[in-house]
Amino acid sequence: MSEVSQDLRESARKIETTLRNALADMGQARVADKMNTSESTISRLKSENIENIALFIAALNLNILGKDHFVISKTDLQVLRHAAARGIPHMGGSV
């Protein structure tokens, strides 16, 4: 099997950090309860598979977001930035 690209590894590392942080925030016991499994299963999943899960998500070119976040396209972001840049000076105040 060929070596995984550095870019993919970096994306996977960030995803893994997100997964670990979310697990730490929620707690293994609560995640286990939601998945109807044991806490030891979650512990094994974390210790044995989380790197591969993160690499899999990165290889699929997916992002992980919390429930309080959302995604907009780069084009939409450019439009919003342009509109804000044009509109803010006309508001009569500073930002």
Side-chain angles (χ1 to χ4, degrees):
M1 187 165 77
S2 63
E3 184 65 26
V4 175
S5 76
Q6 190 62 33
D7 287 344
L8 188 60
R9 286 217 177 273
E10 180 63 20
S11 292
R13 186 194 61 75
K14 290 177 183 176
I15 291 168
E16 182 181 346
T17 298
T18 300
L19 292 171
R20 289 183 185 276
N21 288 341
L23 181 58
D25 288 347
M26 185 173 285
Q28 289 184 183
R30 187 164 172 215
V31 172
D33 186 53
K34 286 179 164 246
M35 292 178 62
N36 196 30
T37 191
S38 68
E39 192 172 345
S40 63
T41 297
I42 300 303
S43 182
R44 272 193 311 279
L45 181 69
K46 180 181 78 171
S47 65
E48 297 172 8
N49 297 315
I50 200 164
E51 289 177 25
N52 283 334
I53 292 168
L55 190 58
F56 180 70
I57 292 167
L60 291 170
N61 202 30
L62 298 174
N63 292 314
I64 296 178
L65 300 173
K67 286 185 176 184
D68 59 339
H69 293 88
F70 65 93
V71 176
I72 64 170
S73 70
K74 289 181 181 180
T75 302
D76 288 345
L77 180 59
Q78 289 172 339
V79 168
L80 289 171
R81 285 181 173 159
H82 179 73
R86 291 185 51 95
I88 289 173
H90 300 293
M91 293 176 72
S94 61
V95 180

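- I64 is connected to L45 through a chain of hydrophobic side-chain contacts under 4.5 Å among Ile, Leu, Val, Met, Phe, Trp and Tyr, so both are in one cluster.
- Legend: residues meeting side-chain contact (heavy atoms from CB on, under 4.5 Å) with L62, ordered by chain and number and at least two apart, are I57, L60.
- N61 contributes atom CG, which lies 9.0 Å from atom CG of L8 (distance to the nearest 0.5 angstrom).
- Note on I15 and I53: same hydrophobic cluster, where clusters join Ile, Leu, Val, Met, Phe, Trp and Tyr whose side-chain heavy atoms are under 4.5 Å apart, directly or indirectly.
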Before you tell me yes or no, could you show the steps for H82 and R86 under side chain to side chain contact (heavy atoms under 4.5 Å, CB included), namely the whole-Å CA-CA distance, both residues' side-chain angles and the distance that decides it to 0.1 Å?
CA-CA 6 Å; H82 179 73; R86 291 185 51 95; 3.1 Å; yes
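- For the pair A58 and A12, the tightest heavy-atom approach, listed with the atom from each and the gap, is CB-N, 3.7 Å.
- Residue E51 places its CD atom among 12 or fewer non-hydrogen atoms of other residues, nucleotides or ligands, all under 6.0 Å distant.
- Contacts of R30 classified as salt bridge (charged side-chain N to carboxylate O under 4.0 Å, His left out), with partners at least two apart in sequence or in another chain: none.
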Intermediate values then yes/no, side chain to side chain contact (heavy atoms under 4.5 Å, CB included), L65 and V71:
CA-CA 8 Å; L65 300 173; V71 176; 2.9 Å; yes
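- Atom CD1 of residue I42 and atom OG of residue S47 lie 11.0 Å apart, to the nearest 0.5 angstrom.
- Across all non-hydrogen atoms, the minimal contact from A29 to E39 is CB-OE1, 3.6 Å.
- Applying the salt bridge (charged side-chain N to carboxylate O under 4.0 Å, His left out) test to every pair with at least one member in residues 20-29, sequence neighbours left out, gives these pairs: E16-R20.
- Here OG1 of T37 is found 11.5 Å from CD of Q28. Values are rounded to the nearest 0.5 Å.
- With sequence neighbours left out, S73 forms a side-chain contact (heavy atoms from CB on, under 4.5 Å) with T75, D76.
- Among residues two or more places apart in sequence or in another chain, the salt bridge (charged side-chain N to carboxylate O under 4.0 Å, His left out) test is passed with R44 by none.
- Criterion: ILVMFWY side-chain heavy atoms under 4.5 Å apart, direct or through other members. Under it, V4 and F56 are not part of a common hydrophobic cluster.
- Within a 6.0 Å radius of CG in N36, no more than 12 heavy atoms belonging to other residues, nucleotides or ligands are found.
- Under a 4.5 Å side-chain heavy-atom criterion applied to ILVMFWY residues, the cluster that includes I72 comprises F70, L77, L80 as well.
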